[in-house]
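Structure, as structure tokens:
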Amino acid sequence: RKEVEQDPGPFNVPEGATVAFNCTYSNSASQSFFWYRQDCRKEPKLLMSVYSSGNEDGRFTAQLNRASQYISLLIRDSKLSDSATYLCVVNRGGKLIFGQGTELSVKP
Amino acid sequence: EAQVTQNPRYLITVTGKKLTVTCSQNMNHEYMSWYRQDPGLGLRQIYYSMNVEVTDKGDVPEGYKVSRKEKRNFPLILESPSPNQTSLYFCASSFGGRDTGELFFGEGSRLTVL
């Protein structure tokens, strides 16, 4: 079993839809959590950190549930430009573990 | 402009011919790392460095070497490349510590070993 697991996707949604990505991690010693976005053939870029209290950045909301070892990313009012692969990342003692990513395709 | 610069961006080489992929960052970051990305396997860490002269193996270090003689540079060395090292390579850096997860990535180096 992988230490960080994500829905494999792809998620195909219409513009304006709300989409949620899930991520689970197996090591309870994990300390901090992040969502990255990666466009096709490009480098990953930090989308947002994930805090225990949950955090929001515009149309994006990240949640962390330490008891269930679960992280989520919610995208509201999807735009065509949101099409990308979303990577869940866990920091365990300074070591970053990447999920395999969930591909999102937003259609007109 | 804050950035991580990798070179070369694209390289086709032959088995056994030593090569180096350079990585340089201008953000005074302490932490630097190399990843390879392969279809179906995601991003896997090769080596990382918490500071100058400190390097550690990641998940897939076999066949690679690194060095960190200066804070800004973290080259990846393939002493004797093999076809299974054909991949997309990313260098990344961050301030380290609790900010380790806030990585800045280079644009990637696509390597093909024939």
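Numbered from 1 within each chain, the chains take letters A, B, ... in sequence-line order.
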Verify same cluster id: B/F90, B/Y64 (apolar side-chain graph, 4.5 Å): no

B/F104 portion near chain A, given a 4.5 angstrom heavy-atom threshold: neither

Cluster overlap A/V50 with A/Y25, hydrophobic side-chain contacts below 4.5 Å: yes

Joint hydrophobic cluster, B/Y35 plus B/V21, side-chain heavy atoms closer than 4.5 Å: no

Region of A/Q38 in contact with chain B, defined by heavy-atom distances below 4.5 Å: side chain

Side-chain heavy-atom pair B/E102, A/F34 within 4.5 angstrom cut-off: yes

Atom of A/P44, atom of B/F105 and distance for their closest heavy-atom approach: O-CD1, 3.3 Å

B/I46 reachable from B/F74 in the ILVMFWY side-chain graph, under 4.5 Å edges: yes

Min side-chain heavy-atom separation A/K42-B/E107 under 4.5 Å: no

Flag side-chain contact, heavy atom, 4.5 Å: A/E43 against B/V4: no

Interatomic distance, B/R44 atom CZ to A/F98 atom CZ [nearest 0.5 angstrom]: 13.5 Å

Within one Ile-Leu-Val-Met-Phe-Trp-Tyr cluster: B/L19 and B/V60, side-chain cutoff 4.5 Å: yes

Within 6.0 angstrom of B/L41 CG, more than 12 heavy atoms from elsewhere: yes

Engaged part of A/L87 at the chain B interface, taking heavy atoms whose separation is under 4.5 Å: side chain

Top of B/G108, B/G42, B/G40 for chain A proximity - count of heavy-atom pairs under 4.5 angstrom: B/G40

B/R110 versus chain A, the contacting section by heavy-atom distance below 4.5 Å: side chain

Cationic N near anionic O, under 4.0 Å, A/K95 to B/D56: no

Interchain contact, B/L88 with chain A, by part (heavy-atom threshold 4.5 Å): neither

Short side-chain to backbone donor-acceptor contact, A/Y36 and B/L103, under 3.5 Å: yes

Nearest-0.5 Å distance that lies between atom CG in B/L43 and atom CG in A/L96: 10.5 Å

